[in-house]
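Below is one structure, written out as C-alpha cells, with a few remarks after it.
What you see is a predicted model; the values in this text were computed from it and never measured. Atom set for the values below is all heavy atoms of this structure, side chains included, hydrogens, waters and symmetry mates excluded.
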Amino acid sequence: MLSQLSWKVGGQQGEGIDSTGEIFAIALNRLGYYLYGYRHFSSRIKGGHTNNKMRVSTKPISAISDDLDILVAFDQETIDVNAHELRKGGIIIGDSKFSPTAPEGMDVRLFSVPFTQLAEDLGTSLMKNMVAVGASTAVLGLPVESFTEVVTELFGKKGQKVVDKNMEAIAKGAEYINNEAGGSIPEFKLDPADGKKRMFMIGNDAIALGFVAGGVRFMAAYPITPASEVMEYLTKKLPEFGGTVIQTEDEIAAVTMTLGANYAGTRAITASAGPGLSLKMEAIGLAGMTETPIVIVNTQRGGPSTGLPTKQEQSDVNAMIYGTHGEIPKVVLAPSTAEEAFYDAMECLNIAEEYQVPVILLTDLQLSLGKMSVEPLDYTRVKINRGKLVDEDQPEQEGGLFKRYEFTEDGISPRVIPGVKNGIHHVTGVEHNEGGRPSEDPVNRQKMMDKRLGKLKNLKVTNPILANAKHEQADVLVVGMGSTRGTIEEAVERLEKEGLKVNQAHVRLIWPFPAEELKHYVENAKTVVVVENNATAQLAAQIKLHVGQHDKIKSVLKYDGDPFLPSIVYKEVKELL
C-alpha cells in the first residue's frame, strides 16, 4: 500500500479534463487525504493539450511530485507528452477510442479502457470523464461509493436520473479495470486517510475569501489570466455582504475606481497580472502621492508583454518594487501557500489603511491556480485595523481646510471620510501642502517627501522571513519566495539526509526588503542559493543589494514556464556546492 501517489489526467481542452481532475480530487479530499494539484493549460478557449496533475498523500504536502504513478489519457498526445514522468511500474489508462500505445522500452502497465464507448452506451459520450474516474478508483482500491456525495452535489439539480447515470459510469470504469487486472492492484492501493475535513481550494479563492473576511466590499477589475478567479469568487460572494464587483472596460478604470472607493472609506481591492499591472502603475503612483490606501493583487505569469499567460513565472519583482515613476512608499507581500494567502489578504488590507500606502499582494500562477488542501481557517485571527481614519465631525480648522496631509511624528496623517463636517480638503496628484493645496515650495516639497517615505520606518509585518533554520552554521542556505516554498522544503530534506547542514529562508516581505531579518541566516551559511522562476535573478539581486555577501550568493533559475520540482532544486543546489 502507498502513503502517497501522483495521478495525472490529460487531453484536449474542452473535453472534460478539468472536471475529471476536480471530481477525482474532491472525493479524495472528502475522505481526508491531503492534496496538491497543478494544471497545465494553453492560452486558448478550446483545443490544445491540457493536463491536471494531482498529488495525494496521507501526510501534509505542498509541492508537485517529481514522478507519476498513474496517467489517465484521453488522447495519444497525453501519453507522448507526459509518459516520461511515469515511474517504473507505473500505469497508463487510455481511451480505447484512440488505440493507446506506451512509449517503447518503458516499464509501465497499459490499460486500454473504452471511456467513450462505455459512456455512449449509457446515453452520452460526455460521461467519458466519469468512466475515467471509475477506472482510477479501481486502481487505487477505493470503493465507487466514495464518489456518491460529490456526484450528487454536482449533478443533483439535474435530477436523480442524471446522478444515477454518472454513478453508473464510474462503476462501469471501475468494473472494466477490475476485469482487465483480474482484481485489485495491491501495489497501488492507498493507505486509509484520517477522515478529517479540510478545505480544498486554489490560491486565488483563498485570497478572495481573505478579502471578504477582512471587510472588502468593493472590487473593480478587468479579466486576465491568472487573476480572474479572484474577481469571479467575489462576484458571487460580495453581494451576500452588501458589496459589489464591477467588471470595468480596462485596467486603468479598474484601479482608479478602486482608488476612489478607498478614498470614500470603503475597503476596496483590484487584481490583475503582468500587462494589467503595467497599466495600473500611474494610478499606484497617485495612491502614493495622495496617501490613499489600496490593495492590488498581482498574479505573476510568463512575460514580457503577453508572454506565456498560462505558465509559471516570478519575474515581476523589480516591477512591483520600482515600477512607479518618482518615489513613493509601498509594501509588497508574497504568500507561499493558499492558507497563508488567506491571512495575508487581511494583513495587506490592514497595512494599506494603517500606513496609507499602496500594498501589492504578489502571488504567482502556481500558487494562484494550484489547488491544495487547507486546514480549517482560524477566524479569530481576523483583525481589522483602519488606522487613523476619521469618520466623526471635526472642529473647524484654521484656513478652513482639514489637514489631511498634516506633518506628524510618525509621518501618518489623519484620513477623513468625505462628508464629515469640517473635513473638506484638496486632493491632487501634484505636490501639496498639509491641506492638499498645490504647492511648489522647495521646503514643503522636501518635508512632504520625507513624511511619505518615512511612514514605513516603523512598519510591522508578521513573519517577514519564513525560516526553517536548524543549524547555527549551515553548509548552505536555500532562499526562495512565493509558491516554491514547499518544493524547496522537500529538496532540503533530501540534502539533509545526505549529511549536509541546510537552512531554508523564504522571503515573505518583498518590499521594504527585510535585510536585517535575513542577514543572520546569510552570514551563517557557507553558500547561499536563491531559487526563483525568472531569468535575471531578481530576488538574488535584492539580497546582494541590501544584505551583501555577494561572493557566497548563487542562483538556481527556471523560466521555461514550468514550476520547479523538488528533484530539480535538489540536483541544482547540490551541483553548486
Side-chain angles (χ1 to χ4, degrees), residues 214-218 255-270 281-296 324-331 347-360 383-461 511-512:
V216 167
R217 294 299 178 262
F218 178 76
V255 68
T256 49
M257 278 188 184
T258 305
L259 198 58
N262 277 293
Y263 173 76
T266 297
R267 277 197 159 182
I269 60 97
T270 188
M281 283 300 173
E282 184 181 1
I284 293 173
L286 179 62
M289 174 60 95
T290 61
E291 302 183 49
T292 305
I294 186 173
V295 176
I296 305 107
T324 50
H325 62 281
E327 297 166 309
I328 62 167
K330 70 172 74 161
V331 175
E347 185 160 8
C348 284
L349 293 167
N350 287 337
I351 292 171
E353 291 208 298
E354 183 177 358
Y355 297 94
Q356 299 175 21
V357 295
V359 179
I360 295 167
K383 309 292 182 185
I384 295 179
N385 181 358
R386 306 215 64 183
K388 296 183 179 181
L389 182 64
V390 177
D391 56 5
E392 298 177 351
D393 291 349
Q394 297 295 296
E396 187 173 354
Q397 298 190 25
E398 185 179 347
L401 290 179
F402 179 82
K403 289 187 177 180
R404 168 64 185 92
Y405 306 105
E406 181 180 2
F407 295 115
T408 61
E409 187 173 340
D410 61 5
I412 303 169
S413 307
R415 180 168 68 99
V416 68
I417 289 178
V420 169
K421 186 177 180 180
N422 296 320
I424 191 169
H425 58 279
H426 283 272
V427 182
T428 173
V430 300
E431 192 56 274
H432 44 262
N433 62 19
E434 290 179 287
R437 290 188 183 276
S439 170
E440 295 184 0
D441 177 69
V443 175
N444 176 77
R445 162 65 174 180
Q446 186 158 331
K447 285 183 68 177
M448 277 293 175
M449 284 292 292
D450 290 343
K451 168 188 134 54
R452 289 191 293 268
L453 295 175
K455 285 194 292 186
L456 297 179
K457 64 179 181 292
N458 296 318
L459 176 67
K460 295 178 181 178
V461 173
W511 192 260

Dump the intermediate steps for side-chain contact (heavy atoms from CB on, under 4.5 Å) on Glu347 and Asn350, then the final yes or no. CA-CA 5 Å; Glu347 185 160 8; Asn350 287 337; 5.6 Å; no

Of Ile269, Val255, Leu349, which is the lone residue that meets side chain to side chain contact (heavy atoms under 4.5 Å, CB included) with Ile294?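 Exactly one option meets the side chain to side chain contact (heavy atoms under 4.5 Å, CB included) with Ile294, and it is Val255.
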
Under a 3.5 Å distance rule, please check whether Thr428 uses its side chain to pair with a backbone N or O of Val430 as donor and acceptor.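 Checked: pair present.
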
Check: Arg386 side chain, Gly265 main-chain N or O, donor-acceptor pair, under 3.5 Å: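 Present.
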
Partners of Lys447 by salt bridge (charged side-chain N to carboxylate O under 4.0 Å, His left out), sequence neighbours excluded?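 Result, salt bridge (charged side-chain N to carboxylate O under 4.0 Å, His left out) vs Lys447: none returned.
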
Quick one: salt bridge (Lys or Arg N to Asp or Glu O under 4.0 Å) pairs with a partner in residues 389-402, sequence neighbours left out?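 For residues 389-402, and leaving out neighbouring residues, there are no salt bridge (Lys or Arg N to Asp or Glu O under 4.0 Å) pairs at all.
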
How about [atom1] on [X], more than 12 heavy atoms from neighbouring residues, nucleotides or ligands closer than 6.0 Å, or not?
X: Lys457; atom1: NZ; value: yes
X: Glu431; atom1: CD; value: yes
X: Gln394; atom1: CD; value: yes

Heavy-atom side-chain proximity of [X] to [Y] below 4.5 angstrom:
X: Met289; Y: His432; result: yes
X: Ile284; Y: Ile328; result: yes
X: Val331; Y: Tyr355; result: no
X: Lys388; Y: Asp410; result: yes

Indicate the atoms forming the closest heavy-atom contact of [X] with [Y], along with that distance.
X: Val416; Y: Val420; value: CG2-CB, 3.7 Å
X: Thr324; Y: Gly285; value: CG2-N, 3.7 Å
X: Ala352; Y: Pro293; value: O-CB, 3.0 Å
X: Pro414; Y: Val390; value: CB-CG2, 4.0 Å
X: Gly214; Y: Ile384; value: O-CD1, 3.7 Å
X: Ile417; Y: Ala264; value: CG2-O, 3.7 Å

Partners meeting side chain to side chain contact (heavy atoms under 4.5 Å, CB included) with [X] (sequence neighbours left out):
X: Pro329; answer: Val357, Arg452, Leu453, Lys455, Leu456
X: Leu401; answer: Ile424, His426, Arg437
X: Glu434; answer: Lys403, Glu406, Phe407, Met448

Return the CZ to CD distance between Arg267 and Glu353, rounded to the nearest 0.5 Å.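 Going from CZ on Arg267 over to CD on Glu353, the span is 4.5 Å.
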
Gap separating the CD atom of Glu354 from the CG atom of Asn385, nearest 0.5 angstrom: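 Between atom CD of Glu354 and atom CG of Asn385 there are 4.5 Å.
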
Just do the side-chain contact (heavy atoms from CB on, under 4.5 Å) check on Met449 and Glu327 with the steps written out, would you? CA-CA 8 Å; Met449 284 292 292; Glu327 297 166 309; 3.7 Å; yes

Determine the interplanar angle of the His425 and Tyr405 rings, folded into 0 to 90°, and report it as parallel if under 30°, tilted if 30 to 60°, perpendicular if over 60°.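 Geometry flag for Tyr405 against His425: perpendicular rings.
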
Go through it in stages, so that I can follow the logic: the residues are Ser413 and Arg404, the test is side-chain contact (heavy atoms from CB on, under 4.5 Å), and I'd like the CA-CA distance, side-chain angles, deciding distance and then a yes or no. CA-CA 6 Å; Ser413 307; Arg404 168 64 185 92; 4.0 Å; yes

Residues in ring pair (Phe, Tyr, Trp, His ring centres under 6.0 Å) with Phe402, at least two apart?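 Partners of Phe402 by the ring pair (Phe, Tyr, Trp, His ring centres under 6.0 Å) criterion come out as none, since no residue qualifies.
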
